[in-house]
Amino acid sequence: MLNFKEKVIDILEREVDSLSRDEFSALIETPPSYDMGDYAFPVFRLSKVFRKAPNLIAEELANKFTDNEYFEKIENNGPYVNFFINKAKLVETVMKEVVSKGEKFGSSNLGAEKTVIVEYSSPNIAKPFHIGHIRTTVIGNALYKIYKFLGFNTIAINHLGDYGTQFGMLISAYKKWGDREVIEKDPINELLKLYVRFNSEAEEHEELRDEARYWFKELENGNKEAYSLWEWIREISLKEFSKVYKMLNIEFDSYAGESFYSDKMPRVIDELNAKGLLKESDGAYLVDLEEYDMPPALIQKSDGSTLYTTRDITAAIYRKETYDYYKNIYVVASQQNLHFKQWFKVLELMGYDCAKDCVHIPFGMVSLEDGTLSTRKGRVVFLEDVLNKAVESTLKIMEERNPDLDNKEEVAKQVGVGAVVFQELFNQRIKDYVFSWDRTLSFDGETGPYVQYTHARANSLLEKGGFNIEDSVNYELLLSEDEVNIIRMIYDFPNIVVDAMEKNEPFFITRQVVEIAKGFNKFYNSSQIIVEDEETKKARLMLTYVVKNTIKVGLGLLGIEAPNKM
RNA sequence: GCGCCUGUAGCUCAGUAGGAUAGAGCAACGGACUUCUAAUCCGUGUGCCGGGGGUUCGAAUCCUCCCAGGCGCGCCA
């Protein structure tokens, strides 16, 4: 697509030779308001070179520039040289690009087939999939889609929490109080009950904990009984999780969880040892990181069993050998910042160059109004319930407003689930928030349903107006302020997708999609789209199409459906 | 105690790798549907940008100290 910023740089370059293209690119900005121009070049940096007041420099520069096919006006405003895009050229550029690319609008081969691993979701087996898991799941999925869209060979890994001492507890508890039939009926809840009971009894009977550790050790040693119990628990849990994944429309390329690395860890421990990194301490083994101002990384417990640090290191090495990743991304809560910092360092100390390609993408905490989430204390909101409730609310609204709609159930699912996902991807990852039903179930203003509604509205216009993508359009008919504003935002869309990838922040896309929807709704309310005049109608329908398409692409990258009717 | 993160309007948050008058949504109030889906649109106002000091032509943005909240700190994940 034609790059107007490059054109600005071309022009500047001709008159100013003290700055490089990259420097120009970094300096050029967007004015606070479009009636001040589309691009602005602040000249402050030049005042030392030219030994003149910024205002004068800007004025002189602006006078040297003549209008051309890309810019209809170049003038200074105080110390800024402002460039006004040739609107017809902009409209034409954007329209042609979107029409030719369709649902690939904004995609690229930037990734050049380089492999990017996104590890996300990773729930713990035998524990409920609750609201706390939504962030990693939804952010990870969006990143996965964004990288893929930009030409990376992307692999989604669900690093299931299917190993560790907790399974010792579970096996131990099951052997004492478990009933297979009862569990089969309601796996997660029953397993959770066992887990909670075990923990509360262990408060008084310390020896239970030893028993749990014993069973985990047995599991690692390949004890048949322990293994088959574990396998069964894993299977029924996964079945439960898949319900949520299905609602969210998420699939993984690999479910290689912690257990997968069980037989690969000894090699790594040997390697750590051979490289002289392991230190014995009270019977346990660790890597001392004092030199790097970090507490030590525990590699092996005093009973010989492993820890998740060991598994993470092993997984990173395994993935390097298996996928040869360019980037290995972990979408995991910010609480684990230190953990990642530690084991990235260990990997580096082992001499693995790929340590620098491992990135932790942290996100803030979700809490409930009455405190932090706690499975054991019963302070949980199940993700499935949240999604179902959102769908229910949607259905209720649809009964009121559009009762004759076909496949209401399906649309309600798309909108309800979309609302939850959208909400999650609306802000920076790092922010903590308190879960609130009110906020989750509000569908007005800057929300998923708002954007989806705009999409459906656009679609309805295209159908009613008899839109034909082959129609030729007179772009001169789309130069009103509202129209150009919409076009500008669509023009920016591809760059925003790249920003989202570079900063691993899907919310850039969420915000842009909202802005486009707002712009279109404003236009819709002030201008008739299906009008008598054929030429005008065709042009406006084309604009409608371009909006609809971009919203659809944007929502798609976020993992949200765009129904045609709602 | 040490480390990391957060602090912008009544609430929830944007603020583009320092720039031109700090913006949205929600909530409140008033208006727009015999006319393309009113989950929409238009209007009304609110800010010691947590506080002090500093760097700069210019700071919500960078540095520093302080305050408040969250998270983390060897055998859980």
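Basis for what follows: all heavy atoms, side chains included, without hydrogens, waters or symmetry-related copies. Here the structure is a predicted model, which means the values were calculated and not measured.
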At a cut-off of 3.5 Å, list every protein nitrogen or oxygen paired with a nitrogen or oxygen from nucleotides 2-8 of chain B, distance to 0.1 Å.
unit_1 : atom_1 : unit_2   : atom_2 : d
B:rG7  : OP1    : A:Lys431 : NZ     : 2.9

Enumerate all atom pairs, one protein N or O and one N or O from nucleotides 20-26 of chain B, separated by less than 3.5 Å.
unit_1 : atom_1 : unit_2   : atom_2 : d
B:rA20 : N6     : A:Asn82  : OD1    : 3.4
B:rA20 : N1     : A:Asn82  : OD1    : 3.4
B:rA20 : N1     : A:Asn82  : ND2    : 3.3
B:rA24 : O2'    : A:Glu446 : OE2    : 2.2
B:rA24 : O2'    : A:Lys518 : NZ     : 2.7
B:rG25 : O4'    : A:Glu446 : OE1    : 3.1

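A:Val514 comes within 4.0 angstrom of no nucleic acid atom, judged by non-hydrogen atoms across all strands. Counting non-hydrogen atoms under 4.0 angstrom, A:Met294 reaches nothing in the nucleic acid. In this structure, A:Tyr450 reaches the sugar-phosphate backbone alone: every heavy-atom distance under 4.0 Å involves primed, P, OP1 or OP2 atoms, never a base.
Secondary-structure stems of RNA chain B, taken as three or more successive Watson-Crick or G-U wobble pairs (i with j, i+1 with j-1) under a 3.5 Å distance threshold, comprise B:1-7 with B:67-73, B:10-13 with B:23-26, B:28-32 with B:40-44, B:50-54 with B:62-66.
Contacts with RNA chain B (heavy atom under 4.0 Å) in residues 398-407 of chain A: A:Met398, A:Arg401, listed by number. Residues from residues 490-508 of chain A lying near RNA chain B, meaning a heavy-atom separation below 4.0 Å, are A:Lys503, A:Phe507 in numerical order.
Scanning for side chain to side chain contact (heavy atoms under 4.5 Å, CB included) contacts around A:Asn407 gives A:Glu410, A:Val411, with sequence neighbours left out. When the side chain to side chain donor-acceptor pair (under 3.5 Å) test is applied to A:Thr309, no partner is found at least two apart in sequence or on another chain. In this structure A:Arg21 satisfies the side chain to side chain contact (heavy atoms under 4.5 Å, CB included) test together with A:Glu6, A:Ile9, A:Asp10, A:Glu13, sequence neighbours excluded. With sequence neighbours excluded, the residues forming a salt bridge (charged side-chain N to carboxylate O under 4.0 Å, His left out) with A:Lys52 are A:Glu60, listed by chain and number.
Using a 4.0 Å cut-off between a side-chain N of Lys or Arg and a carboxylate O of Asp or Glu, A:Glu220 and A:Lys217 do not qualify as a salt bridge. Using a 4.0 Å cut-off between charged nitrogen and carboxylate oxygen, A:Glu446 and A:Lys518 count as a salt-bridge pair.
Screening residues 522-533 of chain A for side chain to side chain donor-acceptor pair (under 3.5 Å) gives A:Asp482-A:Ser526, A:Asp533-A:Thr536 as the qualifying pairs, with residues at least two apart or on separate chains.
Between the A:Asn521 side chain and the A:Ala517 main chain, a donor and an acceptor come within less than 3.5 Å of each other.
With A:Tyr34 as the aromatic partner, A:Arg488 meets the cation-pi criteria of under 6.0 angstrom to the ring centre and within 45 degrees of the ring axis.
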Anything under 3.5 Å between a donor and an acceptor, one on a side chain of residues 281-292 of chain A, the other on a protein residue two or more places apart or in another chain? List them.
unit_1   : atom_1 : unit_2   : atom_2 : d
A:Asp288 : OD1    : A:Glu290 : N      : 3.2
A:Asp288 : OD2    : A:Lys279 : NZ     : 3.4

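Contact annotation: A:Arg457 reaches the phosphate of B:rA38 (side-chain N/O to OP1 or OP2, under 4.0 Å). For A:Tyr524 and B:rU35, the shortest distance from a side-chain N or O to OP1 or OP2 is not below 4.0 Å.
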Each nucleotide of nucleotides 70-77 of chain B classed B (base within 4.0 Å of a protein heavy atom), S (only sugar-phosphate) or -, in 5' to 3' order, makes SSSSBBSB
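From A:Asp492, atom CG reaches atom OG1 of A:Thr30 across 7.0 Å, with rounding to the nearest 0.5 Å.
Screening A:Ser259, A:Ser262, A:Ser305 for a side-chain hydrogen bond (donor to acceptor under 3.5 Å, both in side chains) involving A:Tyr163 leaves a single residue, A:Ser262.
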